[in-house]
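The next block holds one structure in the form of structure tokens; read it before the comments.
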Amino acid sequence: MWSERLAPSYYSKGPGVAVAIRISTTLLGDTAMGVRFFSALLGLGTSVILYTLATSLYNDKVAAWAVVLLNLTPIFNAGSTLMTIDPLMIFFWCGSMLTFWRALHRTGVAADRYWLATGLAVGLGFLCKYTCALQLLSMALLLGLSRRWRGQLGRKGFYKALGVFLVCTIPVIIWNAQHHWITVTHLKERAGGDESGGWHISEFGQFLGMHLGVYSPILFVGLLWALSRTMRTFLRNDAERFLAAFTFPILILYFALSFREAGEANWTAPGFISAGILLAHFWDTVRLAPSWKRGLQNSALFTAGAISCVALHTDVVRQLGIPWPYHRDPSHRLRGWEETAEAVEDITDS
């Protein structure tokens, strides 16, 4: 509906997803393929960018495993079939990480181009999902904590990127100024900011449980293990410091907010992109008996792949004769039943 009524912004999001769906439906028509066309392409694009980034940080082997982990993760597979804000945001999030890394390793005109590209990628991501603005905090933290790159804060590159980002925010700011800053109210509500009930460990437990499902249990434990390893080494290693800067701020923010209200598991997804690279790196170097290492690795990959298959088509479970009521199926709100659509069409046409 947003794509049929283009605007500079909307109640809860910027115009990015509306523009994307408008383009794809214009090309392919008002069909399921027309609406979802870009979701699969964005998933492919994210995989390519992730491979390029991980190769720059480590090597081809780590990059290949990072892409495998990403594409077996249930939440990523869901994002690559549903045209929501998330595949757009993840694509631009990964793109800005890559251009930022290259900006740090270039000089002169080449560096300026990558700084401008970084600001544009963050800005376009912001127009899809406001979470992308957190990347600016990650970049500032990295520059401030790194002796090697601290001098960048006194140069123009980072501020050029910030300037391009601010230009991208103009449509959202103008629209909100005309609509009583309603998006600010929405964000406060989503974060539990309008609640006065205090902090609840049960909400945190629910949020944590969601992550075990959408990332698969073994893989999620592996991601946490990689993050614990990073906490001991990120001050000594450029690549790990870089990835930690794009992981911990968003995870700390949303897990802290989950004590007020559980929220949604996809909110932390950008942080686990970089955590996936860390997992592939540390797993490649960990000292473990070959049989144990192979067994854990295969178990994690098989479990993640199986959950992804079920997540993409939950009726497989029912076809196997396992009762699963739709009201307990987390994918039920993503479904559209043909019979319901026909009934509504009959009413609207009469």
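Along the sequence shown, residues carry numbers from 1.
- In this structure, K160 NZ and R113 CZ are separated by 11.5 Å, a value rounded to the nearest 0.5 Å.
- In the hydrophobic clustering (ILVMFWY side chains linked at under 4.5 Å, chained through shared members), I307 stands by itself.
- Judged by distance alone, with hydrogens and angles left aside, the side-chain atoms of S138 form a donor-acceptor pair with the main-chain N or O of A245 at under 3.5 Å.
- Proximity of a side-chain donor or acceptor of R36 to a complementary backbone N or O of L82 within less than 3.5 Å is not detected.
- S308 places a side-chain N or O within donor-acceptor distance of the main-chain N or O of L72, the cut-off being under 3.5 Å.
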Determine whether W65 and L279 satisfy the following criterion, side-chain contact (heavy atoms from CB on, under 4.5 Å), listing intermediate values before the conclusion. CA-CA 9 Å; W65 276 112; L279 175 56; over 6 Å; no
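- Residues T55 and K61 are not in side-chain contact: their nearest non-hydrogen atoms beyond the backbone lie 4.5 Å or more apart.
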Can I250 and L137 be said to form a side-chain contact (heavy atoms from CB on, under 4.5 Å), step by step? CA-CA 10 Å; I250 188 171; L137 173 61; over 6 Å; no
Given the rule in the side-chain hydrogen bond (donor to acceptor under 3.5 Å, both in side chains) test, do S47 and N71 qualify, once you have shown the distances and angles that lead to the verdict? CA-CA 8 Å; S47 297; N71 282 274; 3.1 Å; yes
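- Considering every non-hydrogen atom in both W2 and G14, the closest pair reads CZ3-O, 4.4 Å.
- In this structure, K293 places its NZ atom where more than 12 heavy-atom neighbours from other residues, nucleotides or ligands lie under 6.0 Å away.
- The minimum heavy-atom distance linking C168 with L120 is given by the pair SG-CD1, 4.2 Å.
- Pairs of residues two or more places apart, or lying in two chains, that qualify as ring-ring contact (aromatic ring centres under 6.0 Å, His included) and include a residue from residues 113-157 are F100-W115, W101-W149, H105-W149, F126-Y130, F126-F165.
- Proximity of I173 to W181: side-chain heavy atoms (C-beta onward) are separated by under 4.5 Å at one or more points.
- Distance check, rounded to the nearest 0.5 Å: CD1 of I218 to CG of L301 gives 9.5 Å.
- Note that CD1 of I273 and SG of C94 are 4.5 Å apart. Values are rounded to the nearest 0.5 Å.
- Looking at every heavy atom in both residues, D238 comes nearest to R241 through OD1-NH1, 2.8 Å.
- A donor-acceptor pair is defined here as one N or O able to donate and one able to accept, closer than 3.5 Å; such a pair exists between the side chain of S228 and the backbone of W225.
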Derivation of the side-chain contact (heavy atoms from CB on, under 4.5 Å) call for R22 and V19: CA-CA 5 Å; R22 179 63 168 268; V19 172; 5.5 Å; no
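- Contact check for L257 versus L253: side-chain heavy atoms found under the 4.5 Å cut-off.
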Given the rule in the side-chain contact (heavy atoms from CB on, under 4.5 Å) test, do V214 and F220 qualify, once you have shown the distances and angles that lead to the verdict? CA-CA 9 Å; V214 300; F220 182 65; over 6 Å; no
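- From T268, atom OG1 reaches atom CZ of F255 across 5.5 Å, with rounding to the nearest 0.5 Å.
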Can you list the steps and then say if S274 with T247 is a side-chain hydrogen bond (donor to acceptor under 3.5 Å, both in side chains)? CA-CA 6 Å; S274 42; T247 302; 2.5 Å; yes
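- Between A121 and G95, the shortest heavy-atom contact is CB-C, 4.4 Å.
- Counting only distance, with no hydrogens or angles, the side chain of R106 and the backbone of A111 share no donor-acceptor pair below 3.5 Å.
- Proximity of a side-chain donor or acceptor of Q135 to a complementary backbone N or O of W93 within less than 3.5 Å is detected.
- Side chain of H281 to main chain of I277: no donor-acceptor pair is present (N/O by atom type, distance under 3.5 Å, no hydrogens or angles).
- In this structure, OH on Y215 lies 8.0 Å from CG on L223, to the nearest 0.5 angstrom.
- Of the inter-residue distances, the one linking L243 atom CG with L278 atom CG reads 4.5 Å to the nearest 0.5 angstrom.
- Within the 4.5 Å cutoff, no side-chain heavy atoms of F37 are placed close to those of T25.
- Taking the six-membered ring for Trp, Y11 and H186 have ring centres closer than 6.0 Å.
- Residue-environment remark: CZ (F302) stays at or below the threshold of 12 foreign heavy atoms within 6.0 Å.
- Put simply, W175 and L6 are part of two different groups of oily side chains (I, L, V, M, F, W, Y) that touch within less than 4.5 Å, one to the next.
- Side-chain N/O atoms of H200 and E261 include no donor and acceptor closer than 3.5 Å.
- Tracing side-chain contacts under 4.5 Å through hydrophobic residues (I, L, V, M, F, W, Y), one never reaches M83 starting from M1; they form parts of separate clusters.
- If you chain together hydrophobic residues whose side chains sit under 4.5 Å apart, L88 and L44 never meet in one group.
- By the neighbour-count criterion of 12 heavy atoms within 6.0 Å, atom CZ of R148 is densely surrounded, having more than that number from other residues, nucleotides or ligands.
- Counting heavy atoms from C-beta outward, M97 and F246 have side chains that approach closer than 4.5 Å.
- A donor atom on one side chain and an acceptor atom on the other are not found under 3.5 Å apart for S96 and T118.
- Aromatic ring centres of F207 and Y254: separated by at least 6.0 Å.
- Under the 4.5 Å side-chain heavy-atom criterion for ILVMFWY residues, no single connected hydrophobic cluster contains both Y10 and I174.
- S146 places no side-chain N or O within donor-acceptor distance of the main-chain N or O of L143, the cut-off being under 3.5 Å.
- Of all heavy-atom pairs spanning P74 and A304, the tightest one is CG-O, 4.0 Å.
- Looking only at distances, a side-chain donor or acceptor of N298 sits under 3.5 Å from a matching main-chain atom of R294.
- Side-chain atoms of R150 come within 3.5 Å of backbone atoms of G144 as a donor-acceptor pair (strictly under, hydrogens ignored).
- For the pair N266/K129, a side-chain contact is recorded, criterion being any heavy-atom separation below 4.5 Å from C-beta on.
- Side chains of L57 and V62 form no contact here, defined as non-hydrogen atoms less than 4.5 Å apart.
- When all heavy atoms of A244 and P249 are compared, the closest pair comes out as O-CD, 3.8 Å.
- The same ILVMFWY cluster, assembled from side-chain heavy atoms under 4.5 Å apart, contains both L212 and W267.
- Side chains of F282 and T230 form a contact here, defined as non-hydrogen atoms less than 4.5 Å apart.
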